[in-house]
Undergrad: 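Quick one: structure below, then a few questions.
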Number of protein chains: 2
Amino acid sequence: MLQEERYTYMAGVMKALAHPTRLFIVDELSKGPRNVGELTEMVGMDMSTISRHLSVLKQNGIIAAKKQNNQMIYHLLCPCVLDMYKCVIKIKEQAE
Amino acid sequence: MLQEERYTYMAGVMKALAHPTRLFIVDELSKGPRNVGELTEMVGMDMSTISRHLSVLKQNGIIAAKKQNNQMIYHLLCPCVLDMYKCVIKIKEQAE
DNA sequence: TGGTTATTTGGTCAAATAGACAAATACTGG
DNA sequence: CCAGTATTTGTCTATTTGACCAAATAACCA
């Protein structure tokens with residue numbers, strides 16, 4: 001199993017995306033920047049939970065944040081993530 | 001958070017891919033069909049562990065298997081999975 | 001400075017995951 | 001049918017994850 005390190009890194013990025021709430025956040029950020037409060041309200045969970053999800057996405061290079069006054073504004077870094085969705089849809093179609 | 005079911009399904013597929021060993025298996029199957037023993041040898045883990053990983057990939061519509069004599073031959077269903085890798089590489093570049 | 005709002009972090013708990021080994025199952029060939 | 005090979009499944013253990021609440025931190029405004 002060569003290039004093991006590479007697979008581990010890639011798995012980390014995939015894992016960061018592999019959660020319904022985080023997928024929603026990515027989808028939402030693809031429409032434009034949002035702050036933590038906005039996302040929290042949309043998801044309907046504790047703000048600390050959303051903050052942790054955002055942290056996971058940020059650590060894996062999927063999103064980034066800017067501080068604006070006392071708010072954190074998150075934005076999507078790499079819109080190509082959305083292309084992954086298309087592949088997943090294909091897989092779903094094939095699975096049926 | 002509309003379409004919650006859709007996000008959960010997609011997260012399941014992503015999660016199936018979000019493991020170094022399973023990424024390796026997908027990569028290997030993209031080169032051609034393999035049986036469990038071959039994959040086990042390449043990965044260097046217990047065969048039961050590999051079998052479980054294959055099961056996860058199969059359940060999520062990523063791979064499929066055919067029985068040939070007393071062997072199970074696994075093959076990749078949707079090569080578009082490999083395109084995801086490209087996006088992950090982009091993310092990696094951006095994260096640095 | 002003190003109060004208010006926005007966000008993150010620490011602690012805890014239950015559930016999910018990944019690994020190993022042993023046992024069960026399925027198929028082949030004598 | 002029996003032995004051998006290939007694969008899957010049951011069980012156990014250790015680790016990770018995701019959720020909540022409460023407390024800490026940061027930035028604004030009066």
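Letters A, B, ... are given to chains in the order of the sequence lines, protein chains preceding strands, and every chain is numbered from 1.
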Undergrad: Expressed in angstrom and rounded to an integer, what is the separation of B:Leu57 atom CG from D:dT7 atom P?
TA: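 Going from B:Leu57 (CG) to D:dT7 (P), I get 16 Å.
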
Undergrad: Please give, in whole Å, the distance from C:dT8 P to A:Gln59 CD?
TA: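 Interatomic distance, CD of A:Gln59 to P of C:dT8: 12 Å.
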
Undergrad: Side chain of B:Arg52, base of D:dG10: donor and acceptor closer than 3.5 Å?
TA: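 It does, because a donor-acceptor pair links the side chain of B:Arg52 to the base of D:dG10 below 3.5 Å.
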
Undergrad: Rounded to the nearest 0.5 Å, what separates atom CG in A:Leu23 from atom CE in A:Met84?
TA: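 A:Leu23 atom CG to A:Met84 atom CE measures 10.0 Å (nearest 0.5 Å).
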
Undergrad: If you measure from NZ on A:Lys31 to CD on A:Glu28, what distance do you get to the nearest 0.5 Å?
TA: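 Going from NZ on A:Lys31 over to CD on A:Glu28, the span is 4.0 Å.
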
Undergrad: Under 3.5 Å, is there a donor-acceptor pair between the A:Asp27 and A:Tyr85 side chains?
TA: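 No - no donor-acceptor pair under 3.5 Å links their side chains.
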
Undergrad: Pairs of donor and acceptor atoms involving the side chains of residues 42-51 of chain A, under 3.5 Å and at least two apart or interchain, shall be tabulated with distances.
TA:
from    : atom 1 : to      : atom 2 : distance (Å)
A:Asp46 : OD1    : A:Ser48 : N      : 2.9
A:Asp46 : OD1    : A:Ser48 : OG     : 2.7

Undergrad: Should the ring pair A:His19 and A:His53 be called parallel, tilted or perpendicular, given that the plane angle runs from 0 to 90° and is split at 30 and 60?
TA: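 Plane angle between 30° and 60°, so tilted.
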
Undergrad: Is any side-chain nitrogen or oxygen of A:His53 closer than 4.0 Å to OP1 or OP2 of D:dT17?
TA: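 For D:dT17, neither OP1 nor OP2 has a side-chain N or O of A:His53 closer than 4.0 Å.
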
Undergrad: Classify the nucleic acid contact of B:Lys15 as base, sugar-phosphate or nothing, counting any heavy atom under 4.0 Å across all strands shown.
TA: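 It contacts sugar-phosphate atoms only.
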
Undergrad: Figure out the CD1/P separation between B:Ile25 and C:dA18, and round it to whole Å.
TA: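 Atom CD1 in B:Ile25 sits about 11 Å away from atom P in C:dA18.
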
Undergrad: Take the protein atom CD1 of A:Ile73 and the nucleotide atom P of C:dT8, then report the distance between them rounded to whole Å.
TA: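 Nearest whole value for this atom pair: 11 Å.
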
Undergrad: Taking the side chain as every heavy atom from C-beta outward, state whether B:Asn60 and A:Ile91 have any atom pair closer than 4.5 Å.
TA: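 When only atoms from C-beta onward are counted, A:Ile91 and B:Asn60 do not touch, as no gap falls below 4.5 Å.
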
Undergrad: State, to 0.1 Å, how close A:Ala16 and A:Arg22 come at their nearest heavy-atom pair, and which atoms those are.
TA: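 Shortest heavy-atom contact: O-NE, 2.6 Å.
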
Undergrad: Could you give the CD-to-P distance, from B:Gln71 to D:dG4, as a whole number of Å?
TA: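 Taking CD of B:Gln71 and P of D:dG4, I get 19 Å after rounding.
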
Undergrad: Does A:Tyr74 put a side-chain nitrogen or oxygen below 4.0 Å from OP1 or OP2 of C:dT8?
TA: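 Checking A:Tyr74 against C:dT8: at least one side-chain N or O falls below 4.0 Å of OP1 or OP2.
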
Undergrad: Could you state the interatomic distance from OG (B:Ser30) to CG (B:Leu76), rounded to the nearest 0.5 Å?
TA: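 Nearest 0.5 Å value for the OG-CG distance: 6.5 Å.
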
Undergrad: Distance check needed: D:dA27 C1' versus A:Lys66 NZ, whole Å only.
TA: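 The answer, rounded to whole Å, is 19 Å.
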
Undergrad: Would you kindly give the CG-to-C1' distance between B:Asn35 and D:dT8, to the nearest whole Å?
TA: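 Roughly 14 Å, once rounded to whole Å.
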
Undergrad: Nearest whole Å is fine: how far is C:dT17 P from A:Met14 CE?
TA: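 It works out to 16 Å between those atoms.
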
Undergrad: Can you check each nucleotide of nucleotides 23-30 of chain C against protein heavy atoms at under 4.0 Å and return B for base, S for sugar-phosphate only, - for none, in 5' to 3' order?
TA: ---SSS--

Undergrad: Is the phosphate of C:dA16 approached by A:His19 (side-chain N or O, under 4.0 Å from OP1 or OP2)?
TA: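 No, no such contact exists.
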
Undergrad: Between A:Asn35 and A:Gln71, which heavy-atom pair has the shortest distance, and what is it?
TA: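 Closest heavy-atom pair between A:Asn35 and A:Gln71: ND2-OE1, 3.4 Å.
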
Undergrad: What residues from residues 44-51 of chain A pass a heavy-atom cutoff of under 4.0 Å to DNA chain C?
TA: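 Only A:Met47, A:Ser48, A:Ser51 qualify.
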
